[in-house]
Amino acid sequence: MIFDNHNRPISYLRLAVTDRCNLRCFYCMPEEGIKYLPKHQLLTYEEMERLVRVLAKLGVSKVRLTGGEPFVRNGLMEFLEQLASIDGIQEWNITTNGILTAPHIPELVRLGVGSVNLSIDTLDRERFRLITRRDELPAVRQTLDALLAHQVPVKLNAVVMEGKNIEDIPLLSELTRESPIEVRFIEEMPFNGGGSHYPVLTWTHQRILSELKSLYPDIQKIPDPANSTSYSYQIPGYKGTIGIIAAFTRSFCGSCNRIRLTAQGTLKTCLYDSGVLDVRALLRSGADDADLTAAFLKAFAHRPKNGFEAEQQRSPVTESMSTIGG
Ligand code: SAM
Ligand code: SF4
């Protein structure tokens, strides 16, 4: 196990397999989309597999595939087959918008997916269309039903936004009544491809919690999983749980065990840094595994203490979450 300069273990990789997406969620990218990278600038699956092998030797045991939308990249299922067989990778999961996901669920189960995070900010078709700029809620609901039918552990991700989906806080919470899912309410972050953000975030994790407490006065705090970014709650008698993620307030950095590889192969040791290592350039200049290992170790020894420190060390955020992976 490798520890960073703040004595935090590095054990979890978030790997963005593409920057492409079939939605245009307004908090993630502009309506016209982002300028996608030319294909040759994306990491190939072979490069990703090699990097995961190197990182697994350093103690990374958990990988999350994300993007962009992972299922828009051809060859994803073949890559997952390779990933699942890498020594040291004990758990791999996927975050998806659910539009193309349903037909792949039996194969995901066969390959041993740990859990699927499904992004669904609203249960209302019109609100969904306004938030994502596409009329695709039925496909996402179909994926949710199929995941539950196949007993895949499911987490639902919902970014909480003033004027967009506040009505959905009770609707999404009610899904935990009969289903053993975790609904996670997430603070909105500034990664919308335009750099804009509210002067003050209205729906902070504290406000989300007070809304939940007013809806469910007997909601209970339950233990948070180790290294979790979410504060966990449960409504008594309900089968599922509710999480609140302070993604903008950044109150969880002290136990952060994550690193990220963007779709173009940039290493981020904090979500809020602007990239600390061009791994693709290293790979394509002929670096061997020892060179890669040394470069990773050097980056892990210089991690910012928290997301505020990382943000201070960079130019203002302009990127889309679609290139980072969330
Ligand atoms: N396309 C997939 C999806 O939407 O699930 C995976 C990639 S997406 C970038 C990963 C997660 O980041 C999603 O749950 C999405 O809601 C979240 N996300 C994107 N932009 C965000 C923002 N500005 N603030 C908070 N969460 C954001
Ligand atoms: Fe696409 Fe996910 Fe970004 Fe929405 S949040 S635009 S689904 S990458």
Side-chain angles (χ1 to χ4, degrees), residues 14-37 63-73 76 93-102 104 113 115-122 127-137 139-140 143-144 147 154-162 164-165 168 172 181-198 201-205 208 229-230 243-250 252 258 260-263 268 271-272 307 311 317-326:
R14 296 180 64 99
L15 179 61
V17 297
T18 181
D19 59 347
R20 275 86 166 147
C21 190
N22 44 5
L23 289 185
R24 293 286 177 276
C25 303
F26 86 93
Y27 48 75
C28 182
M29 56 170 90
E31 185 154 18
E32 64 278 14
I34 54 168
K35 195 164 180 290
Y36 291 141
L37 294 161
V63 179
R64 172 169 300 282
L65 286 304
T66 173
E69 173 49 36
F71 288 93
V72 301
R73 183 150 182 185
L76 178 74
N93 306 308
I94 299 191
T95 300
T96 174
N97 64 26
I99 295 176
L100 301 172
T101 317
H104 299 290
V113 69
S115 68
V116 172
N117 285 15
L118 182 65
S119 300
I120 180 165
D121 302 312
T122 174
R127 286 199 290 276
F128 186 94
R129 194 184 62 74
L130 290 171
I131 292 169
T132 66
R133 300 171 175 130
R134 300 288 185 271
D135 183 22
E136 292 283 6
L137 183 61
V140 183
T143 289
L144 175 57
L147 288 167
V154 179
K155 295 178 188 172
L156 299 185
N157 285 355
V159 180
V160 179
M161 298 158 288
E162 180 67 45
K164 302 277 195 235
N165 65 345
D168 288 286
L172 289 163
I181 56 180
E182 182 183 341
V183 172
R184 292 135 46 99
F185 294 112
I186 306 175
E187 287 179 353
E188 186 179 347
M189 293 177 271
F191 299 98
N192 50 29
S196 58
H197 203 255
Y198 323 100
L201 181 70
T202 329
W203 284 88
T204 59
H205 66 107
I208 297 169
T229 52
S230 114
I244 305 177
I245 303 189
F248 184 67
T249 310
R250 288 162 260 184
F252 45 65
R258 304 142 190 246
R260 292 172 166 81
L261 276 171
T262 68
K268 287 165 77 80
L271 174 58
Y272 284 85
E311 201 176 14
V317 168
T318 53
E319 63 263 47
S320 157
M321 196 65 104
S322 186
T323 61
I324 305 171

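Values reported hereafter were calculated over all heavy atoms of this structure, with side chains retained and with hydrogens, waters and symmetry mates removed. We count ligands from 1, going down the list as the structure has it; atoms in each ligand are counted the same way.
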A.B. asks: Which ligand 1 atoms does Glu187 reach within 4.0 Å, using its non-hydrogen atoms?
C.D. replies: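 That gives atoms 25 (C) of ligand 1.
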
A.B. asks: List every atom of ligand 1 that sits less than 4.0 Å from any heavy atom of Asn157, numbering the atoms from 1 in the order shown and giving each element.
C.D. replies: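 What qualifies from ligand 1 is 14 (O).
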
A.B. asks: Any N or O of Ser119 that comes nearer than 3.5 Å to an N or O of ligand 1?
C.D. replies: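 Yes: some nitrogen or oxygen of Ser119 is under 3.5 Å from one in ligand 1.
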
A.B. asks: Can you report which non-hydrogen protein atom sits closest to atom 24 (N) of ligand 1, along with the distance?
C.D. replies: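 Looking at atom 24 (N) of ligand 1, the protein heavy atom closest to it is Met189 N, 2.8 Å.
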
A.B. asks: Under 4.0 Å from a heavy atom of Asn97: give me the atoms of ligand 1 that qualify, with their elements.
C.D. replies: 2 (C), 3 (C), 5 (O)

A.B. asks: Just verifying a value: how many Å separate Leu65 CG and Thr95 OG1, rounded to the nearest 0.5 Å?
C.D. replies: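 Spacing of CG (Leu65) from OG1 (Thr95) equals 8.5 Å.
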
A.B. asks: Can you list the steps and then say if Met189 with Leu271 is a side-chain contact (heavy atoms from CB on, under 4.5 Å)?
C.D. replies: CA-CA 10 Å; Met189 293 177 271; Leu271 174 58; 3.5 Å; yes

A.B. asks: Does any N/O atom on Tyr27 come nearer than 3.5 Å to any N/O atom on ligand 1?
C.D. replies: yes

A.B. asks: Taking the six-membered ring of Tyr27 (Phe, Tyr or Trp), confirm whether the NZ or CZ of Lys164 is under 6.0 Å from its centre and within 45° of its axis.
C.D. replies: no

A.B. asks: Between Asn93 and Asn117, does any side-chain donor sit less than 3.5 Å from a side-chain acceptor?
C.D. replies: no

A.B. asks: At a 4.0 Å threshold, what atoms of ligand 1 neighbour a non-hydrogen atom of Gly325?
C.D. replies: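 Close to Gly325: 10 (C).
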
A.B. asks: Is a side-chain N or O of Glu31 found less than 3.5 angstrom from the main chain of Arg133, in a donor-acceptor match?
C.D. replies: no

A.B. asks: So is Gly68 polar-close to ligand 1, meaning N/O to N/O under 3.5 Å?
C.D. replies: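 Yes, Gly68 has an N/O under 3.5 Å of an N/O on ligand 1.
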
A.B. asks: Any N/O/S of Cys25 under 2.8 Å from atom 3 (Fe) of ligand 2?
C.D. replies: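 It does not: Cys25 brings no N, O or S atom closer than 2.8 Å to atom 3 (Fe) of ligand 2.
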
A.B. asks: For side-chain contact (heavy atoms from CB on, under 4.5 Å), just list the numbers for Ile245 and Phe185, CA-CA rounded to whole Å, side-chain angles, deciding distance to a tenth of an Å, and then say yes or no.
C.D. replies: CA-CA 6 Å; Ile245 303 189; Phe185 294 112; over 6 Å; no

A.B. asks: For Thr66, counting its heavy atoms only, list the atoms of ligand 1 lying under 4.0 Å from any of them.
C.D. replies: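 That gives atoms 6 (C), 7 (C) of ligand 1.
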
A.B. asks: Of the protein's non-hydrogen atoms, which lies at the shortest distance from atom 3 (Fe) of ligand 2, and what is that distance?
C.D. replies: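 The closest one turns out to be Cys28 SG, 2.4 Å.
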
A.B. asks: Of all the non-hydrogen atoms in the protein, which one sits nearest to atom 19 (C) of ligand 1, and at what distance?
C.D. replies: Met321 CG, 3.4 Å

A.B. asks: Does any N/O atom on Ile186 come nearer than 3.5 Å to any N/O atom on ligand 1?
C.D. replies: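 Among all N and O atoms of Ile186, none is under 3.5 Å from an N or O of ligand 1.
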
A.B. asks: Closer than 3.5 angstrom, by distance alone: can the side chain of Thr66 be matched with the main-chain N or O of Gly325 as a donor-acceptor pair?
C.D. replies: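 The answer is yes, because a donor-acceptor pair under 3.5 Å joins these two groups.
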
A.B. asks: Taking all heavy atoms of Asn165 and all of Met161, pick out the closest pair and write down the distance.
C.D. replies: OD1-N, 2.9 Å

A.B. asks: Could any protein non-hydrogen atom be found less than 4.0 Å from atom 7 (C) of ligand 1?
C.D. replies: yes

A.B. asks: What I want to check is whether the side chains of Thr249 and Glu187 have a donor and an acceptor closer together than 3.5 Å.
C.D. replies: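 Short answer, yes.
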
A.B. asks: Could you find the nearest protein heavy atom to atom 2 (C) of ligand 1 and give me its residue, atom name and distance?
C.D. replies: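 The protein heavy atom lying closest is Glu69 OE1, 3.4 Å.
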
A.B. asks: In the protein, what heavy atom is nearest to atom 1 (Fe) of ligand 2, and what distance, to one decimal place, separates them?
C.D. replies: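 Nearest protein contact, heavy atoms only, for atom 1 (Fe) of ligand 2 is Cys21 SG, 2.2 Å.
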
A.B. asks: Let's go through Leu118 and Thr96 carefully: what are the C-alpha distance in whole Å and the side-chain angles of both, what is the deciding distance for side-chain contact (heavy atoms from CB on, under 4.5 Å) to 0.1 Å, and is it a yes or a no?
C.D. replies: CA-CA 5 Å; Leu118 182 65; Thr96 174; 4.2 Å; yes

A.B. asks: When you measure from the centre of the six-membered ring of Tyr272, is the NZ or CZ of Arg250 closer than 6.0 Å and no more than 45° off the axis?
C.D. replies: yes

A.B. asks: Just need the protein heavy atom nearest to atom 26 (N) of ligand 1, so name the residue and atom and give the distance.
C.D. replies: Val159 CG2, 3.6 Å

A.B. asks: Relative to ligand 1, is Thr95 under 4.0 angstrom through side chain, backbone, both or neither, heavy atoms considered?
C.D. replies: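 For Thr95, backbone and side-chain atoms both sit under 4.0 Å from ligand 1.
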
A.B. asks: At a 4.0 Å threshold, what atoms of ligand 2 neighbour a non-hydrogen atom of Leu23?
C.D. replies: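 Numbered from 1, ligand 2 contributes 6 (S), 7 (S).
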
A.B. asks: Within the structure, is a non-hydrogen atom of Asn192 found at a distance of less than 4.0 Å from ligand 1?
C.D. replies: no

A.B. asks: Hey, is Thr96 touching ligand 1 through its side chain, its backbone, both or neither, going by heavy atoms under 4.0 Å?
C.D. replies: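 It is the backbone that touches ligand 1; the side chain stays farther off.
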
A.B. asks: At their closest point, which heavy atom of Ser322 faces which heavy atom of Asp19, and how far apart are they?
C.D. replies: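 Answer, listing the atom of Ser322 first, then Asp19: OG-O, 2.9 Å.
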
A.B. asks: Please determine, by modelled atom types, if Asp168 and Thr122 share a side-chain donor-acceptor pair under 3.5 angstrom.
C.D. replies: yes

A.B. asks: Please confirm whether Gly67 approaches ligand 1 to less than 4.0 Å, judged on its heavy atoms.
C.D. replies: yes

